[in-house]
Amino acid sequence: MRLATLLPFAMFAVLLAGCTDETVTAPRDITPPAAPRGLYSVTGDGAVTLRWLANTEGDLSGYRIYMSPCENGTDCPYDRQGATTSTSFVVGGLGNGITRYFAIAAIDAAGNESALTYETIIDTPRPAGINASLGNFMTSPTGAGWDFSAASVRSSNDTQTDIYFGYNGGVYQMFSKDVAPALTEIQDAGYATTLDAVDWAPSVGWSPSGTVELIVGHCYVVWTRDDHYAKFRVTSLSSSRVVFDWAYQTDAGNPELAAKRAFDEDQGARPVAWIRK
């Protein structure tokens, strides 16, 4: 009888305890990270390397990379190219001579995605090579010329030759091919530890003689008679041979040789017309 009497009171106590139990649910994170800053590109052969500054959010999980054929508008969707947790990404498999636009977005642990980077990044991949070698035209004229468009050695007097090497016993020189009325221009861009230091062809400063003195470690810019820009960096010199690294812009009239960094003046957000896919 005592157990039967106590049972209703025990059940009431359990129900009372359940009424005072509160379940606290944390609010869902809906705040996106800041758009990444400092984005720039390095032009490659069929590829573009993107680099940017790291975000500082504690819940950051990575970045998404986007590419478009034009800057903005409904006809310019930014297609996702990949994702990374680092602050650099190589977009490969690109056709040389075709200009593209790039942007980055940050992602947090809750899946929130930031606005696209504010910088306008334009890049045009171009062919490049290392360790090209030319002989001295005074002793080996058939192997002294270089054709940037074909990336090949030619004779110093070949009509397709852009530049050719010579040594006169005192000065190492590179000659631009003089084919009137359109002349190939050349100039010394100075010493650099890498050819990528020359990122943009200048509009002035071309050698009035059409020749430059070659110095190991110096970079040189060439403007071909058919309106293409190129560059090379000397890595080795002797009386009989010059060895150099090179790059050539297949997009006619485009002075971009390594990278272009153009920043929006107001650092504002991307236009609404930009579409991400």
Side-chain angles (χ1 to χ4, degrees), residues 39-52 65-72 75-82 84 88-104 117 119-134 145-154 158-164 174 176-177 182 184-187 189 192 194-203 219-235 243-262 277:
L39 175 64
Y40 70 97
S41 65
V42 177
T43 309
D45 185 353
V48 171
T49 300
L50 301 170
R51 297 192 178 99
W52 58 93
I65 292 80
Y66 293 89
M67 183 179 73
S68 175
C70 43
E71 185 172 2
N72 57 53
D75 295 330
C76 301
Y78 273 68
D79 296 317
R80 190 185 303 177
Q81 301 300 302
T84 182
S88 67
F89 189 87
V90 177
V91 182
L94 304 177
N96 286 323
I98 302 173
T99 299
R100 298 169 179 83
Y101 293 74
F102 297 89
I104 307 293
T117 40
E119 298 88 355
T120 299
I121 301 300
I122 309 169
D123 213 302
T124 310
R126 76 291 178 276
I130 61 172
N131 296 329
S133 177
L134 300 178
W146 181 257
D147 176 1
F148 281 105
S149 63
S152 65
V153 176
R154 296 186 183 272
D158 191 299
T159 57
Q160 298 302 309
T161 291
D162 295 311
I163 55 176
Y164 60 97
M174 192 70 84
S176 59
K177 190 66 175 179
T184 291
E185 305 278 12
I186 192 169
Q187 67 173 282
T194 174
L195 185 58
D196 281 337
V198 179
D199 61 355
W200 204 256
S203 58
C219 297
Y220 302 84
V221 180
V222 176
W223 184 14
T224 67
R225 57 189 173 277
D226 57 350
D227 196 24
H228 288 263
Y229 292 94
K231 61 181 178 177
F232 65 94
R233 178 178 179 272
V234 175
T235 58
V243 180
F244 57 93
D245 300 337
W246 62 274
Y248 172 72
Q249 181 53 265
T250 59
D251 184 19
N254 187 343
E256 181 188 349
L257 291 170
K260 181 175 181 181
R261 301 166 67 174
K277 295 175 74 178

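Computation of the quantities below employed the complete heavy-atom set of this structure, encompassing side-chain atoms and omitting hydrogens, waters and symmetry-equivalent molecules. All residue numbers in this chain count up from 1 along the given sequence.
- Between the side chain of D123 and the main chain of V48, no donor-acceptor pair closer than 3.5 Å is present.
- Applying the side-chain hydrogen bond (donor to acceptor under 3.5 Å, both in side chains) rule to T224 yields the partners D226; only residues at least two apart in sequence or on another chain are considered.
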Go through it in stages, so that I can follow the logic: the residues are F244 and F232, the test is ring-ring contact (aromatic ring centres under 6.0 Å, His included), and I'd like the CA-CA distance, side-chain angles, deciding distance and then a yes or no. CA-CA 6 Å; F244 57 93; F232 65 94; 5.5 Å; yes
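- How far CD1 of I163 is from CZ of F148: 4.0 Å, rounded to the nearest 0.5 Å.
- When atom types are taken as modelled, the side chain of S68 and the backbone of Y101 share no donor-acceptor pair closer than 3.5 angstrom.
- Proximity of a side-chain donor or acceptor of Q249 to a complementary backbone N or O of P255 within less than 3.5 Å is not detected.
- Rounding to the nearest 0.5 Å gives a distance of 14.5 Å between OH of Y66 and CZ of F102.
- In this structure, the side chain of R100 engages the main chain of I98 through a donor-acceptor pair within 3.5 Å.
- In this model, no donor atom of one side chain and acceptor atom of the other lie less than 3.5 Å apart for N96 and T250.
- Looking only at distances, a side-chain donor or acceptor of T184 sits under 3.5 Å from a matching main-chain atom of R225.
- Judged by distance alone, with hydrogens and angles left aside, the side-chain atoms of Y78 form a donor-acceptor pair with the main-chain N or O of E71 at under 3.5 Å.
- With values rounded to the nearest 0.5 angstrom, K231 atom NZ is found 7.5 Å from D199 atom CG.
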Please report the C-alpha distance between H228 and Y248 in whole Å, then the side-chain angles of each, then the deciding distance to 0.1 Å, and finally whether the side chain to side chain contact (heavy atoms under 4.5 Å, CB included) criterion is met. CA-CA 8 Å; H228 288 263; Y248 172 72; 3.1 Å; yes
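- For the atom pair CG (D45) and CD1 (I130), the distance works out to 11.5 Å, reported to the nearest 0.5 Å.
- Checked options L50, D79, V91; the residue passing with M67 is V91 (criterion: side-chain contact (heavy atoms from CB on, under 4.5 Å)).
- Judged by distance alone, with hydrogens and angles left aside, the side-chain atoms of S176 form no donor-acceptor pair with the main-chain N or O of E185 at under 3.5 Å.
- Judged purely by atom type and a 3.5 angstrom limit, R126 has no side-chain atom pairing as donor or acceptor with the backbone of A247.
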